[in-house]
2 protein chains.
Amino acid sequence: MQKQNMTVNKDLQYERSRCTFDPIEITYFFDGSPEKMEQRRKRERYFLDDPQLKRNIPLKFRSHKEVYEESLRTACIVLSKIKELQLSGKAGVELYMHTFGARLGSALFQDGNPLSLHYAMFIPAIMGQGTSEQQEYWLTKAVSGDVIGTYAQTELGHGTFLRGLETTATYDPKTKEFVLNSPTLTSYKWWPGGLGHTANHAVVVAQLYLQGECKGVHPFIIQLRDVNTHEPLKGIIIGEIGTKLGMNGTNNGFLGFRNFRIPRENMLMQNSKVLEDGTYIKSVNDKLTYGTMVFVRVMLLQDLLYYLMKAATIAVRYSAVRRQGQINSEKSEVQIIDYVMQQYKLFPHIATCFAIKVTFTYVWNMYVTVQGQLHQDDFEKLPELHSLTCCLKAVISADTAAGIEQLRLSCGGHGYMNASNLPIIYGLATAVCTYEGENTVLLLQTARYLVKSWKQALNGQLLPESVKYLNEAAKGIKQRSWNNDLEYLVEAYDAVAAGTIRLATENIDRRIRNGIPPEEAWNQTSIELSNCAVAHCRAFIVKTIVKTIKQSTSESDEFREVLLQLYELYIVYWILRNYGAFLQFSSMRKEDVQVLQSRLEYLLMKIRRNAVGIVDGFDIDDDILCSALGVYDGNVYERLFQEAMKSPLNNETVNISFEKYLKPFIKSNL
Amino acid sequence: MQKQNMTVNKDLQYERSRCTFDPIEITYFFDGSPEKMEQRRKRERYFLDDPQLKRNIPLKFRSHKEVYEESLRTACIVLSKIKELQLSGKAGVELYMHTFGARLGSALFQDGNPLSLHYAMFIPAIMGQGTSEQQEYWLTKAVSGDVIGTYAQTELGHGTFLRGLETTATYDPKTKEFVLNSPTLTSYKWWPGGLGHTANHAVVVAQLYLQGECKGVHPFIIQLRDVNTHEPLKGIIIGEIGTKLGMNGTNNGFLGFRNFRIPRENMLMQNSKVLEDGTYIKSVNDKLTYGTMVFVRVMLLQDLLYYLMKAATIAVRYSAVRRQGQINSEKSEVQIIDYVMQQYKLFPHIATCFAIKVTFTYVWNMYVTVQGQLHQDDFEKLPELHSLTCCLKAVISADTAAGIEQLRLSCGGHGYMNASNLPIIYGLATAVCTYEGENTVLLLQTARYLVKSWKQALNGQLLPESVKYLNEAAKGIKQRSWNNDLEYLVEAYDAVAAGTIRLATENIDRRIRNGIPPEEAWNQTSIELSNCAVAHCRAFIVKTIVKTIKQSTSESDEFREVLLQLYELYIVYWILRNYGAFLQFSSMRKEDVQVLQSRLEYLLMKIRRNAVGIVDGFDIDDDILCSALGVYDGNVYERLFQEAMKSPLNNETVNISFEKYLKPFIKSNL
């Protein structure tokens, strides 16, 4: 999307002129401070203004092979620019995350970065699992770029269930080597980003065999390709896995081994070790690896936030520009944002952006605290944090993906065009529902923690902060009668979560009493159990919102009013989306449903006036938004046309297929 | 996907061996009879076995331009084959629908057919709106293939609101011509399939101007390109609109006019007419055009059915083959279809296939009846049929799209690969939510009929069949107390629909009493109104199911049992998805929720055993399914690998980008 100096669309001008607050306050809210905003803007422009990073033919018109080549070209330029900044002392390691992340990275790369796992997984794996000698040796090579790595764990037949991995690493004490093998087709590594044609090394997770005995999965660092010629080494079968719903630039690959030997020193031995003679020394504590999983899931919340902010910006601006149909048949066509149904499709997702932001901040602080405790061998808070990040990743990725789809559909036919960028954003966001822990699996992990906590509560045990409401519920105190304070509504969320957990636990126990084995009873109750995790998560989010409201003081009154409307919308919206559970488990009565419905409609009406101002405050540059529908100046039809004119098919008035296929076909019929 | 003789996967063999009924009964159920099944299978093979229609490089690896060229090549071959069949007397016009439709067509074309609008819209428009002379002249050319047409109505700035179209056709009595113009950018035609580079003619909808007066929109037949050179004619600005979420082979185009002249005879004049001197003769009756809209929406239900059947087949077979994780930690990894959460993600969509089928059959028969009445100038039943097809198209397209996404997600990472075919099926299905009437617009059209019917019921007026329940509800009779018969549950659906409609109507009236203009009151109540239409639609579907159960007799007892389980699952599932409304408006009590939940779990358990047999009965050939995960023999990992090996990137061990980008990048860092 190129910048142009066009007049700003009149409807957008009007929307901006009547906004009741200064959108910059929203920018500060999301960036953290005016200084951080300035720094982010400067960095974004550093990359966006580089002419090498502009494309005359957008990726969407190119073949799969060309997409890869162009993505690798982009990656090399971006990395050189990062290096430049770092050498001049202007940036640290955090810049990778920034530049590869969902905000800027997905604009620079559009459909994925074939080098991202080198930084996001390969280097961290060495840092987290290598000995200090291994770190020194490999990190030097990895940071200089001499070694390009990826992280190969998932196999064609194995994802979620780590213990099921089939790749073997058998120690040969004679030569002091590990022999890597892929005994079956399903044992082929499958999915790692950059593995196809980009990486020359990988951290590979394999079953360790010592004297015929399996010791479980361990990490090994393995050279895949010749560093000079890039040819795969003998015994390495490697390639890419084909096209996907999205992320077609990431070069996801497959990898098989045929008696491939590596020196003993290439096993990453910070935790478990294999001595020269084949003696196995087991890891003392593997809880530290939990820390990494938790970290990744917390960071994903931020990625999801950026995807949703982009989609909301696009759909809100377009809804203010698009005029279609009439409300009053005697007046002219209306901005579609004036339809209450359109507001209902748009505004809850704006509110969700704020809910994700405050939740992310809260959980990030929690992570930092727990991480500090872990390094002092204090593991007490890890289970709570783990259970929280599991359900948050699941619920927020599902909400975000569904939200982006609803926002896309709210843009009608034009939302279906890639020029809107909404299909691409969806492709990136929906992937998060599956990777780093499949959502249902994660919800059931949280549910396990909740059922355990509920039983502890029944035994009178005091529970940690996030499940303290179960202590109250276990006392059997009924919720006080319904009223419409936010605090009361939040209590109702707790009542729903507690009620759902209580009922699911009773159902498991009933099944066990009826002779069903506990594991199968768990499975049979899993629909309700996953509902428990969602209800708990939703209660956690709304409580975090209310805490934030109490703490925040720095905003202007005008912005605070808008913030309150958005928070309230989130709280009311999710009651109404699931009000059966509130009728069932809280003190809500049937007549309260209508009261909340009216309140929802009132909030939509209030937010309507500031909707454009709010998404302007997200401060997403046109070059990052990459959307004809979402441009700041609102000249959406001009941009749609310009984007279409970039299609190579439009370079010629008659396509070759006329002479080749259509003309002979017509002739044959005459 | 090529056929191979591989051993059938053992898990699938076992599933098939213990199926309690003969899947061929399901095939008959969907095809209508054994004879129709045979005919369909023969026709499918006639196309699928043609070597010209096989591709060595799948479309997904190609550029946008190549996708178009390959799609046009396919279209010409398919059409020649259709012609052959027709000339030999073996098929009629219905074959176009069959070959272009969602079942076979989406397999032959994969990503859309650039010639489909010629048959689906251009020819029908001439038949429906041309005089007999016009029909004779144009249909001869169109059927012989001399003229390739499309239908151009939607404009860049105008979709839903037909009256807002801007393209003008001004009559010049001096030359007896119409002068076509595109006065603004937003007036450019945008979206018509085949318009980009394929069609040489179009039926264009434009505002008719006579002596400076606008007479509203009318259809004109317009030549766009030279029949021999295919070059656009002078005054025609034409091209394609770029890439989309799906259907990238359809060659959707844009079109602008600059003083482009056509003879007066090119206005399609079956309804309104313009005489030589410029006299306008208004159409007597335009209700007939409603008939076409209704027809298209009914046919869309069948397209949606095929998309959902395909996705369900893929996900169910894969879930039986995929083993991941453990239920009991002492046993081996389980088929993921044994997880109750997986069953919950899969089986409701199987049940939906049956619900769509019986609903489609019922509405199709209704359409045939009403169409017959229309030709005898009897328009009585048109509003009811129109209101039904509006909400059915909206609800079933939304359910199908959401269902396909859930089925895709249930396949984990591999579902994200295009080799699963699920992303492509989703792209085709989700488009239906927007075209031929945007879903929210359609729901609100149904709601208008419902509110009107409710008021008539309150006045004691007897209502047509589909809204008869409002007569009961208007009498204020409460629903008898809850029980668990299917018939009772269906009554509860009626109670929910009636309660929702009553409440929404009251809210509109309250707003009007408070001084809000009626149109704005309607808008402010539109969230509830769209809920009315959904509740009404759901009630209609479950009533149709129960009617079907009563009528059906030809099945075996074994199949009938399975059918009943699936119907019941649909009925129970949609109560639980929306049980707040049932607590609010029916006589359901809180304790009944658990009873239904247990019933849902029981049904999932029963259906589990036959799930593979049921989707086998859908009888979707591997060559039509085009899915590595859904293959009949269950060798999913072999197929995934074979599909990956078709990637042109895998033709060489080292991609050119290594020398061009990666090596210089590495060197610069050394």
For chain B, which candidate among [options] shows the most heavy-atom pairs at distances under 4.5 Å?
options                               : result
A:Pro648, A:Gly427, A:Ser410          : A:Gly427
A:Thr160, A:Leu576, A:Leu79, A:Thr243 : A:Thr243
A:Glu601, A:Glu659, A:Glu638          : A:Glu601
A:Glu438, A:Arg163, A:Glu231          : A:Glu231
A:Tyr344, A:Trp191, A:Tyr339          : A:Trp191
A:Arg408, A:Lys660, A:Glu70           : A:Arg408

Determine yes or no for a side-chain-to-main-chain donor-acceptor pair under 3.5 angstrom, with [X] supplying the side chain and [Y] the backbone.
X        : Y        : result
B:Asn328 : A:Glu520 : no
A:His414 : B:Leu156 : yes
A:Tyr661 : B:Ile77  : no
A:Gln324 : B:Phe161 : yes

(message) For A:Ser657 versus B:Leu72, what's the shortest heavy-atom pair and its separation?
(response)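 It is OG-CD2, 3.3 Å.
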
(message) To check you understand the geometry: which heavy-atom pair defines the closest contact between B:Val340 and A:Gln524, and what is its length?
(response)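 Between these two residues, the closest heavy atoms are CG2-CA, 3.9 Å.
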
Hey, does [Y] have a side-chain heavy atom less than 4.5 Å from the side chain of [X]?
X        : Y        : answer
B:Leu245 : A:Leu422 : no
B:Asn507 : A:Gln597 : no
A:Phe658 : B:Arg225 : no
A:Phe641 : B:Leu185 : yes
B:Ile527 : A:Leu600 : yes
B:Met341 : A:Leu529 : no
B:Thr653 : A:His230 : no
B:Trp190 : A:Leu640 : yes

Region of [X] that comes under 4.5 Å of a non-hydrogen atom in chain A:
X        : answer
B:Asp338 : backbone
B:Phe582 : neither
B:Arg323 : backbone
B:Pro517 : neither
B:Leu443 : neither
B:Tyr435 : neither

Point-to-point distance, once rounded to the nearest 0.5 Å, from [atom1] of [X] to [atom2] of [Y]:
X        : Y        : atom1 : atom2 : result
A:Ile57  : B:Ser63  : CD1   : OG    : 9.5 Å
A:Glu333 : B:His158 : CD    : NE2   : 6.5 Å
A:Leu409 : B:Cys433 : CG    : SG    : 5.5 Å
B:Leu583 : A:Leu583 : CG    : CG    : 5.5 Å
B:Asp146 : A:Lys667 : CG    : NZ    : 10.5 Å
A:Asn228 : B:Ile666 : CG    : CD1   : 9.0 Å

Taking side chain as everything from C-beta outward and backbone as N, CA, C, O, which of these in [X] sits under 4.5 Å from a heavy atom of chain B? Side chain, backbone, both or neither.
X        : answer
A:Arg62  : backbone
A:Lys60  : both
A:Ser526 : both
A:Tyr68  : side chain
A:Lys345 : side chain
A:Val227 : backbone
A:Met645 : side chain
A:Ala402 : neither
A:Phe254 : side chain
A:Gln584 : both
A:Ala401 : neither
A:Leu604 : side chain
A:Thr154 : neither
A:Cys76  : both

Chain A contacts, top residue of [options] (heavy-atom pairs, under 4.5 Å):
options                               : value
B:Gly412, B:Gly239, B:Ala75, B:Gly246 : B:Gly246
B:Arg73, B:His64, B:Lys590            : B:Arg73
B:Thr186, B:Asn523, B:Val654          : B:Asn523
B:Thr229, B:Ile238, B:Ile148          : B:Thr229

(request) Go through A:Lys65 and B:Glu652 one step at a time and tell me if the salt bridge (Lys or Arg N to Asp or Glu O under 4.0 Å) criterion holds. (result) CA-CA 11 Å; A:Lys65 193 171 170 183; B:Glu652 39 196 21; 3.1 Å; yes

(message) Under a 3.5 Å cutoff, is there a donor and acceptor pairing between the side chains of B:Glu528 and A:Gln594?
(response)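 Their side chains do contain a donor-acceptor pair, which is all the 3.5 Å distance test asks for.
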
(request) Could you walk me through whether A:Glu405 and B:Glu405 pass side-chain contact (heavy atoms from CB on, under 4.5 Å), step by step? (result) CA-CA 11 Å; A:Glu405 265 309 76; B:Glu405 265 309 76; 5.8 Å; no

(request) Check each of B:His197, B:Glu240, B:Glu69 against A:Asn655 using the side-chain hydrogen bond (donor to acceptor under 3.5 Å, both in side chains) test, and report the only one that passes. (result)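 The residue from B:His197, B:Glu240, B:Glu69 that satisfies side-chain hydrogen bond (donor to acceptor under 3.5 Å, both in side chains) with A:Asn655 turns out to be B:Glu69.
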
(message) Run the side-chain contact (heavy atoms from CB on, under 4.5 Å) test on B:Tyr416 and A:Thr430 for me, step by step, so that the C-alpha distance in whole Å, both residues' side-chain angles and the decisive distance to 0.1 Å come before the verdict.
(response) CA-CA 9 Å; B:Tyr416 192 74; A:Thr430 187; 4.1 Å; yes

